[in-house]
Amino acid sequence: MLAAATTAKLLAEIALLALAGQWVVGLLAGAGRDGNPFYRVLELLGRPWVRAARWISPPVVLERHLPLVAFLLLVLIWIAAAATKIRICLEIGVALCK
């Protein structure tokens, strides 16, 4: 169970960093962001989470807001995984969690 919580936390962290990096590169590149290869790689990493956000959000949510919805969803997943990992570590002992 500890491995599952750690894996979920790690996947959420990778996706969070990809979405945050995509946002920063989008700010720096401006209108030419679609031609930026680094932006495209980060978009590729975040795309499954943006699709999941589209699937769970109501139709009134605009397409441009979906990355924010995905980011907030990933924050909730990260918090849940971190809380689960802490609970497991306290149950089995902190020395075994290393």
Side-chain angles (χ1 to χ4, degrees):
M1 194 66 173
L2 179 62
T6 302
T7 303
K9 187 173 173 278
L10 177 66
L11 288 174
E13 288 170 353
I14 292 169
L16 281 168
L17 288 173
L19 287 173
Q22 182 182 356
W23 178 72
V24 169
V25 171
L27 282 178
L28 294 174
R33 67 178 171 242
D34 290 330
N36 188 324
F38 190 66
Y39 182 85
R40 302 291 288 169
V41 168
L42 292 173
E43 185 180 37
L44 181 68
L45 289 172
R47 188 177 303 149
W49 298 101
V50 174
R51 286 185 183 170
R54 168 47 65 205
W55 186 71
I56 66 167
S57 62
V60 296
V61 176
L62 300 175
E63 287 293 321
R64 65 183 175 150
H65 295 150
L66 287 177
L68 177 63
V69 173
F71 188 84
L72 294 175
L73 175 68
L74 285 165
V75 166
L76 291 175
I77 291 171
W78 185 85
I79 289 171
T84 302
K85 184 176 176 181
I86 290 170
R87 182 184 53 81
I88 292 170
C89 286
L90 289 176
E91 286 177 4
I92 65 173
V94 177
L96 295 175
C97 282
K98 293 183 180 183

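Below, all heavy atoms of this structure are taken into account, side chains as well, without hydrogens, waters or symmetry copies.
- Residue Phe38 holds its CZ atom at 15.5 Å from CZ of Arg33, rounded to the nearest 0.5 Å.
- Here CG of Leu72 is found 11.5 Å from OG of Ser57. Values are rounded to the nearest 0.5 Å.
- Nearest heavy atoms, Arg54 versus Leu62: NH2-C, 4.1 Å.
- For the atom pair CG of Leu16 and NZ of Lys9, the computed distance is 11.0 Å after rounding to the nearest 0.5 Å.
- One distance of note links CE of Met1 with OG1 of Thr6; it measures 11.0 Å at 0.5 Å rounding.
- Pro67 and Val50 get closest at one heavy-atom pair: CA-CG2, 4.1 Å.
- Across Trp49 and Ala70, no two heavy atoms sit closer than the pair O-CB, 3.5 Å.
- Alongside Trp23, the hydrophobic cluster contains Val24, Leu27, Leu28 (criterion: ILVMFWY side chains under 4.5 Å).
- Arg51 is linked by a side-chain contact (heavy atoms from CB on, under 4.5 Å) to Arg47, counting only residues two or more places apart in sequence or in another chain.
- Leu45 and Leu19 fall into different hydrophobic clusters, where Ile, Leu, Val, Met, Phe, Trp and Tyr side chains are chained together by heavy-atom contacts under 4.5 Å.
- Interatomic distance, Leu17 CG to Gln22 CD, rounded to the nearest 0.5 Å: 12.5 Å.
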Pairs under 3.5 angstrom only: tabulate donor-acceptor contacts from the side chains of residues 77-84 to other protein residues two or more places apart or in another chain.
from, atom 1, to, atom 2, distance (Å)
Trp78, NE1, Glu13, OE2, 2.9
Thr84, OG1, Ala80, O, 2.8

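- Leu76 and Leu68 sit in two unconnected hydrophobic clusters of ILVMFWY residues. Membership requires side-chain heavy atoms under 4.5 Å apart, directly or through other members.
- Note on Leu2: it clusters hydrophobically with Leu96, by side-chain heavy-atom contacts below 4.5 Å among ILVMFWY residues.
- Considering all non-hydrogen atoms of both residues, Asp34 and Arg40 come closest at O-CD, 3.2 Å.
- Take Thr7 and apply the side-chain contact (heavy atoms from CB on, under 4.5 Å) test, not counting sequence neighbours, and it matches Leu11.
- For Pro37, the side-chain contact (heavy atoms from CB on, under 4.5 Å) criterion is met by no residue, not counting sequence neighbours.
- In this structure, Ile14 shares a hydrophobic cluster with Leu10, the cluster being traced through Ile, Leu, Val, Met, Phe, Trp and Tyr side chains under 4.5 angstrom apart.
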